[in-house]
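Inspection log for the structure reproduced underneath, given as structure tokens.
Just so it is clear, the model here is predicted, and its values are computed rather than measured.
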Number of protein chains: 2
Amino acid sequence: MRRITLDDVANLAGVSPITVSRVLRKPDAVSPGLRLRVDAAVKELGYVPNIAASRLASSRTHAIGVIVPTLYNVIFAEYLFALHEVLVAAGFQVIVVNSRYSEIEEENAIKALLGQRVEAIIIAGTHHTPLSRQLLAQARLPVVETFELSPNPIDLNIGMSQEHAGQTATQHLIERGFRRIAFLTGNLDHRAQSRFDGYRLAMREAGLPNLEIIAERPRHSSVALGSDLFTMTHERGDVPEAIFCTDDNLALGAMQECRKRGIRVPDDISIIGFHDLEFAACAAPSLSSIATRRFETGKLAAERVLAALNSSVVSRAEQIDLAFALIPRESTAV
Amino acid sequence: MRRITLDDVANLAGVSPITVSRVLRKPDAVSPGLRLRVDAAVKELGYVPNIAASRLASSRTHAIGVIVPTLYNVIFAEYLFALHEVLVAAGFQVIVVNSRYSEIEEENAIKALLGQRVEAIIIAGTHHTPLSRQLLAQARLPVVETFELSPNPIDLNIGMSQEHAGQTATQHLIERGFRRIAFLTGNLDHRAQSRFDGYRLAMREAGLPNLEIIAERPRHSSVALGSDLFTMTHERGDVPEAIFCTDDNLALGAMQECRKRGIRVPDDISIIGFHDLEFAACAAPSLSSIATRRFETGKLAAERVLAALNSSVVSRAEQIDLAFALIPRESTAV
DNA sequence: TTGAAAGCGCTAACAT
DNA sequence: ATGTTAGCGCTTTCAA
């Protein structure tokens, strides 16, 4: 059973194939009479255009590639939501690939997206393999790196200083008078590493020793992991006065574990998270955090890509720093 | 600047285009000498094959369409993770589209996927517009509907009885001796509606009156929403003895709000959630829930799709019921 | 093992 | 406003 093609529709409607093509893409350029006949034929035959053929013929794909490390973390869901909202409305397809925090998988994703001839690539993170950088730079398409600030952006870079944010969270705890302040994370991907750098910087400046609570094998941030890591620390008899968690989920898990063990937050221990996820404000006690701008990042990235695609002016490396914000709440109140 | 094509590579390597194509797709069919020359030329030119052309010429896309209602809920992230794991390993591209819980957007997604000539469609849910059903049925490709059981599956259906699960959760509360049992949800998409049906069935059988806590405008399940809805109820002075929440996030939000208000769980109120998300076991108190099998659903759907694509036997409507399980924990302990 | 010819299904460019 | 012609960049089929 052959698939229905444009020609079949044209034959049935008694017009030329290009007229059918026009009815589908720019109906206003066709007289109402023909348009109706074509529409009827399309419907009768259940015709669905072959996008691969269209892309090949027009050499436009109307597709934009997006690479994220994972879908488990809601921050990427929010970011993707914003990207979709802008790009789909503008008639683009968004092709999402996840790299599972691996630079090799990211490189493969880039190759796959370039093979699909996406018109732009939006990629979370600024650390790539040399070949990835080379492919992106040579591809002559808009590239946006997001979430972090890069020392040498490939093209456009929209992010925030993860290190400065980590430093800010740590200083918040230091200012509250704590000395035994721990840094807690499930993995050390580049963003977590930068927050860690910020933590160490703040601790060094204050003349305080580092305290690290890091999962033995990399695990994604979750409430359960926060609970596990805190338990581990507690059972070592090594509970600090304050903890900076790289993610609100970890912080929530740690708080729950405190509660089970009769350790009061913030009376006995202070906890600050990261990202200011939706639940931070309504947690009991409410959770101090660093608010980050996932939605704005996605929206801005998408808008800049559209602008670049419409302008044909070759863009140069540019950087946009989306500020973060410290949100002090009960979990670190003195 | 023209893009590099197969012909460019062929010219540089001094072979015919088809030989280059073979080196890329089935290297074993080409003599080592030529293969090396071609590989060198590919590398030198930075050649990336045009997938649209390949798809058009071969009439195979190696693409599989997946439709989910949202990426905000982690259950879909888990499901997608499993789908990816199986399908990508088998050499397929997974194209994810989200329908934002709208049947019209789902219909558009189906059209878009068919236009891309995906080789199979895996779709969360069993409620579709008549046109969607027609398109899927006529498309002569494997279709898998997931998460729910359908009275009339289009093709393969892998899911669970949401209604029975809702009934089970409710009966658990009834058995514990509660009479004022509320059903709490942020929206009534089809799955939530089915759980609601199960709740009402159980309540009717026990001769108890319904108590509904439903957001005024549809909102996605979140901790913050659970907190809001509980607050609303509490401020109406209308707090029940037990609550069945359609999602663990809602349940966690409700529990946190209880805590803030000095209402003890489970002493003053019992709460059960749904999905048994990762945090349920480590919440304080630990959260009773209904465990659902998102990962298995995705894995099985993907495996069945691969089998169908390899067998060429036309599959008939078939249904697989993945059981759920009641997980009683502290939040409903008596 | 390698290549030549033909065509996948559509659209750009150029008529009329 | 509509049609004709000529590809887009690959792969299939068939031949050598």
Notebook entry, point to check: Can you check whether B/S21 has a side-chain N or O nearer than 4.0 Å to OP1 or OP2 of D/dT11?
Noted result: yes
Next item on the list: For A/I18 and for B/D28, locate the closest nucleotide of DNA chain C by heavy-atom distance; then report the residue assigned to the nucleotide nearer the 5' terminus.
Entry: B/D28
Next item on the list: Measure the distance from NE2 on A/H62 to P on C/dC10 and round it to the nearest whole Å.
Entry: 16 Å
Note to self: Would you say B/S31 places a side-chain N or O within less than 4.0 Å of OP1 or OP2 belonging to C/dT1?
What the structure shows: no
Check: Expressed in angstrom and rounded to an integer, what is the separation of B/L24 atom CG from D/dT11 atom C1'?
Finding: 12 Å
Next item on the list: Find which nucleotide of DNA chain D each of A/V15 and B/A57 is nearest to by heavy atoms, and output the residue with the more 5' nucleotide.
Entry: A/V15
Check: Starting at CD1 of A/I51 and ending at C1' of D/dC8, how long is that distance when rounded to a whole Å?
Finding: 17 Å
Notebook entry, point to check: In whole angstrom, what separates A/R25's CZ from D/dT2's P?
Noted result: 15 Å
Note to self: Please report whether the ring centroid of B/F76 lies less than 6.0 Å from that of B/F81.
What the structure shows: no
Next item on the list: Give a yes-or-no answer on whether the side chains of A/N157 and A/E145 include a donor-acceptor pair shorter than 3.5 Å.
Entry: no
Note to self: Tell me the interatomic distance from A/R60, atom CZ, to D/dG7, atom P, rounded to whole angstroms.
What the structure shows: 23 Å
Next item on the list: Tell me what A/S59 touches on the nucleic acid: a base, only sugar-phosphate, or nothing, going by heavy atoms under 4.0 Å.
Entry: nothing
Next item on the list: Rounded off to whole Å, could you give me the CZ-to-C1' distance for the B/R55 and D/dC8 pair?
Entry: 16 Å
Next item on the list: Name all residues meeting the side chain to side chain donor-acceptor pair (under 3.5 Å) criterion together with A/T129; count only those two or more places apart in sequence or in a different chain, and write none if there are none.
Entry: A/E107, A/S132
Margin query: Categorize A/P49 for me: base, sugar-phosphate, or nothing, with a 4.0 angstrom heavy-atom threshold over every strand shown.
Written below: sugar-phosphate
Next item on the list: May I have the distance from B/Y47 (atom OH) to D/dG9 (atom P), rounded to whole angstrom?
Entry: 10 Å
Check: When only distance counts, do a donor and an acceptor, one from the side chain of B/R22 and one from the base of C/dG3, lie under 3.5 Å apart?
Finding: yes
Next item on the list: For the residue pair B/Q93 and B/I95, establish whether any side-chain heavy-atom pair is separated by less than 4.5 Å.
Entry: yes
Next item on the list: Kindly say if A/S16 contacts the phosphate of D/dG3, meaning a side-chain N or O under 4.0 Å from OP1 or OP2.
Entry: yes
Next item on the list: Indicate whether any N or O donor in one side chain lies under 3.5 Å from an N or O acceptor in the other, for B/H128 and B/Q134.
Entry: no
Next item on the list: Using a heavy-atom cut-off of under 4.0 Å over every strand shown, decide if A/L34 touches base, sugar-phosphate, or nothing.
Entry: sugar-phosphate
Item checked: Nearest-neighbour nucleotide for the A/L6 side chain, C/dC10, D/dC10, D/dG9 considered -> C/dC10
Checklist line | Length of the line joining B/D7:CG and D/dG7:P, which is rounded to integer Å | finding: 13 Å
Check: Are A/S58 and D/dC8 close enough that a side-chain N or O sits under 4.0 Å from OP1 or OP2?
Finding: no
